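On a predicted model such as this, the values are computed, not experimentally measured, just so you know. Chain letters run A, B, ... following the sequence lines, proteins first, then strands; residues in each count from 1.
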There are 2 protein chains.
Amino acid sequence: MNNHECAALLRKQDNILLVTHWRPDGDTLGSAAALCHALRRIGRTAHLFPNPQIIENYIRFIKPYLAPEGFVPSYIVTVDTADTGLFPDGFQGDVDLCIDHHPTNTYYAKNNFIRPETSSCGELVLEIIKALCGGLDEEEANLIYIAVSTDTGCFCYGNTTSDTHRAAAELIDYGANNKLLNKAIFRTFSAARLALEGMIYTGMTTYRDGKVSIAIVTLDMMEKAGANENDCEDIASLPGKIKGAEVSITIREMPSGPCKVSVRTTGAINAADLCAKFGGGGHAMAAGCNLDCAPEEAKEILLKAIDEEWK
Amino acid sequence: MNNHECAALLRKQDNILLVTHWRPDGDTLGSAAALCHALRRIGRTAHLFPNPQIIENYIRFIKPYLAPEGFVPSYIVTVDTADTGLFPDGFQGDVDLCIDHHPTNTYYAKNNFIRPETSSCGELVLEIIKALCGGLDEEEANLIYIAVSTDTGCFCYGNTTSDTHRAAAELIDYGANNKLLNKAIFRTFSAARLALEGMIYTGMTTYRDGKVSIAIVTLDMMEKAGANENDCEDIASLPGKIKGAEVSITIREMPSGPCKVSVRTTGAINAADLCAKFGGGGHAMAAGCNLDCAPEEAKEILLKAIDEEWK
C-alpha cells in the first residue's frame with residue numbers, strides 16, 4: 001500500500017478512532033493527532049483513543065483530539081504500534097488499519113501501511129496527509145514536527161537520515177514553528193528534572209575501565225529533587241552519555257515492587273541476553289528487567305552478570 | 001557576490017591561508033577545513049592558520065589542515081569572522097576575502113561573501129564548494145556537517161530554518177556520517193563534564209518566582225569534577241534550561257583575576273545593558289562582564305542590578 005492508497009482507504013471511512021501505543025511518545029501522539037486533524041478537515045468525525053498514560057509535556061498538544069466519552073467508532077486505526085501487546089491500557093478491538101515504521105511490526109491489522117526504513121511514523125503521516133488533503137496546515141505541520149523531532153532526538157539519534165531532514169524542511173515550510181517547539185520540548189526542563197539529573201550525574205559510577213556506566217535513581221533522590229514520573233522521560237539514556245561507555249545501566253528504585261533496570265549497549269554485549277537472565281527482555285542494544293532487591297545489591301548482581309557475558 | 005563568483009575568485013589564487021576566529025567553534029573550524037580540503041582537491045596549496053585556541057574536541061578533525069611553520073600565504077580568507085577584533089591570537093594581516101553569515105559583519109575584507117540570513121557559515125561553504133568542484137567528497141561533507149550542526153545545536157536552536165535542514169540532507173547524501181558525528185559531538189561527554197554539570201544542576205538557584213536562574217562554577221567544583229577548560233564548552237547555557245527562566249546567569253570563579261559572568265535572557269531585560277553596568281558588553285540576549293569579588297558576592301550584586309533593570 002502506498003500513501004495514496006492509504007489516503008483513499010481513509011477517505012471512505014467515518015467515525016474514525018486513532019489509537020496510540022502504550023506509554024505514548026511524541027511520535028505516536030503527534031502522528032495520530034495530525035492525522036485526526038486532517039480527517040476532520042475533510043469533514044470526517046475522528047478522535048484519539050484517550051490513552052491514560054499521556055504525560056504532562058504532551059497533553060496540551062493532544063487535548064483537542066481526545067475522544068469524548070461514549071464515542072462509538074466504526075473504523076479503527078493504530079499509529080506507531082508494532083504489536084497488539086503495545087495497545088494502550090483499556091483498548092481492545094479489531095484494528096482496520098495500522099500505520100507504522102517499526103521493523104518488528106506483526107501485520108496484525110486488516111490493512112497495513114508499514115515503512116520499516118523510516119525514522120519516524122510522523123514521516124508516513126506527512127505523506128498520507130499530503131495525499132489526503134493536498135498539503136498540510138500549520139497545526140498538522142506542528143504536530144508532525146513533534147513526531148519526527150522526538151523520535152530522532154531532535155535529529156541527533158542514529159536513525160536520522162537525509163529523508164528525515166527533508167521531511168523537517170517540508171514541515172517548517174508548511175508552517176511548523178520549530179523554534180518554539182524545540183525550546184519547549186528539548187531545551188527546557190522542570191527544576192525537578194534538572195535537580196534529579198544533577199544527582200544522577202554526580203552519583204554515576206563506571207567499571208571495566210569506563211566501559212560500563214551505572215546510574216542509580218533512588219526514591220530518596222526522587223523526593224529530594226521533587227521529581228515524579230513526568231520528570232523521568234528518557235532517563236535511561238543518561239549513563240550512556242559518558243565518553244567510553246559501551247554498556248550503560250539505569251537502576252530505578254520503585255515505590256512498590258522490584259527495582260526497574262534498563263540496559264543500553266553499543267554492541268559490546270547483548271542487552272536482551274543480559275536481561276533474559278533475570279526474566280526480562282528487549283532488543284540487542286536496549287533491554288530491561290526487574291530485580292527484587294535494593295538498588296546497590298542490584299548493581300552488584302548486574303556487574304557480575306556483565307562479567308559473565310563479556311567475552 | 002554569489003557562490004559562483006566566489007568560487008571563480010578562489011580558483012585564481014594559490015598559497016591560500018584560511019583564518020578561523022578567536023575561540024574557534026565548530027562552524028568556523030569545519031567551514032575553513034572543508035574549504036581547505038576542496039582547494040587542495042583542485043590543486044591549490046591551502047592551509048588553516050594555526051589558531052592557538054582550538055579545543056580538544058575539534059583538534060582531531062582539524063589537524064590535517066593546519067599550516068606548517070614558515071608557510072607564507074599570498075591570499076588570505078577569513079571564515080565566520082564578523083570583525084577584525086575577532087581575529088585569532090597571533091594573526092594580523094590584510095584579508096582578501098571574508099566568508100561570513102553574521103549580520104554584524106563589518107565588511108573589512110577586500111571581497112566579501114556575506115549571507116546574514118543563513119544559520120551557519122557552513123551552508124555558504126557548501127554552496128562555494130559545489131561551485132568550485134561540482135560537488136563534495138565525504139571528508140568535506142563531514143566537515144561541513146560539523147559546522148552546520150554545531151552552529152544550530154544539532155538543529156535545535158532558534159536559528160534553524162528549513163534551508164538548514166535541506167543543507168543537512170544534502171550533506172548526508174554527499175556522505176556525511178551524521179550518526180557517528182552526532183554521537184561524538186552531541187551525545188557523549190567526558191566524565192568530568194558530566195560531574196561538573198551535575199554539581200551545577202544541584203547547586204543552581206532561582207529568584208523572582210523562577211524567572212531568574214543562577215549557576216555558580218567555583219574552582220573547587222572544577223577540581224572535584226576533574227574538569228578543565230575543555231569541559232566547559234557552552235556551560236553558560238545550562239542555567240537557561242530551567243523551565244520559566246527568562247534571565248539566566250553563570251558566574252565562573254577563575255584561577256586568577258575576577259569572576260567571569262555570562263548573562264542570557266529571553267528578552268525580559270537587556271543583557272548588554274546589565275553587563276555594561278560592570279564594564280562588560282555583548283548582545284541584547286547574550287552578554288558578559290567581569291566582577292572582581294567572590295562568586296556569592298557577585299551573585300548578590302547581579303541580583304540587585306537585575307532588580308533595577310527589571311521594569
Side-chain angles (χ1 to χ4, degrees), chain A residues 149 152-174 176-206 210 213 215 224-225 237-245 266, chain B residues 149 152-174 176-206 210 213 215 224-225 237-245 266:
Chain A
S149 64
T152 58
C154 206
F155 313 97
C156 197
Y157 293 163
N159 62 346
T160 309
T161 66
S162 57
D163 283 338
T164 321
H165 280 292
R166 267 184 286 270
E170 215 177 336
L171 291 165
I172 295 169
D173 286 342
Y174 275 125
N177 193 335
N178 63 319
K179 185 176 170 166
L180 210 84
L181 291 170
N182 289 348
K183 175 94 181 160
I185 300 173
F186 302 106
R187 296 180 61 204
T188 50
F189 303 89
S190 67
R193 166 64 182 236
L194 287 180
L196 184 65
E197 229 173 271
M199 289 182 219
I200 291 171
Y201 290 151
T202 46
M204 218 150 70
T205 47
T206 60
S213 61
K224 269 191 191 136
S237 72
L238 299 184
K241 279 185 168 185
I242 201 163
K243 206 177 273 179
T266 59
Chain B
S149 64
T152 59
C154 205
F155 313 98
C156 196
Y157 294 163
N159 62 346
T160 308
T161 66
S162 57
D163 283 338
T164 320
H165 282 290
R166 268 184 285 270
E170 214 176 336
L171 291 165
I172 294 169
D173 286 342
Y174 275 126
N177 193 334
N178 64 319
K179 185 176 169 167
L180 210 83
L181 291 170
N182 289 349
K183 175 93 180 161
I185 300 173
F186 302 107
R187 296 181 60 205
T188 50
F189 302 89
S190 67
R193 167 63 183 235
L194 287 179
L196 183 66
E197 230 173 270
M199 289 182 218
I200 291 171
Y201 290 151
T202 46
M204 218 150 69
T205 47
T206 60
S213 61
K224 269 190 192 139
S237 71
L238 300 184
K241 280 184 166 185
I242 202 162
K243 206 177 273 179
T266 59

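Side-chain contact between A:M199 and B:Y201 is absent, with no heavy atoms from C-beta onward closer than 4.5 Å. A:D173 has its side chain within reach of B:R166: a pair of non-hydrogen atoms, C-beta onward, lies under 4.5 Å apart.
Going from atom CZ of A:F155 over to atom CG of B:N178 covers 11.5 Å, rounded to the nearest 0.5 Å. Distance check, rounded to the nearest 0.5 Å: OG of A:S162 to OH of B:Y174 gives 12.5 Å.
Heavy atoms of B:S149 lying under 4.5 Å from chain A are absent altogether. For A:T164, no part lies near chain B; criterion is any non-hydrogen pair under 4.5 Å.
Considering only heavy-atom pairs separated by less than 4.5 Å from chain A, the leading option among B:T188, B:L194, B:I172, B:I200 is B:L194. Contact count versus chain B (heavy atoms, under 4.5 Å) is highest, among A:K179, A:M204, A:K243, A:K241, for A:K241.
Closest non-hydrogen pair, B:C156 versus A:F186, comes out as SG-CB, 3.5 Å. For B:T202 against A:A195, the heavy-atom pair with the smallest separation is CG2-O, 3.8 Å.
Ring-plane geometry between A:H165 and B:H165 is classed as tilted, the angle between the planes lying from 30 to 60 degrees on a 0 to 90 degree scale.
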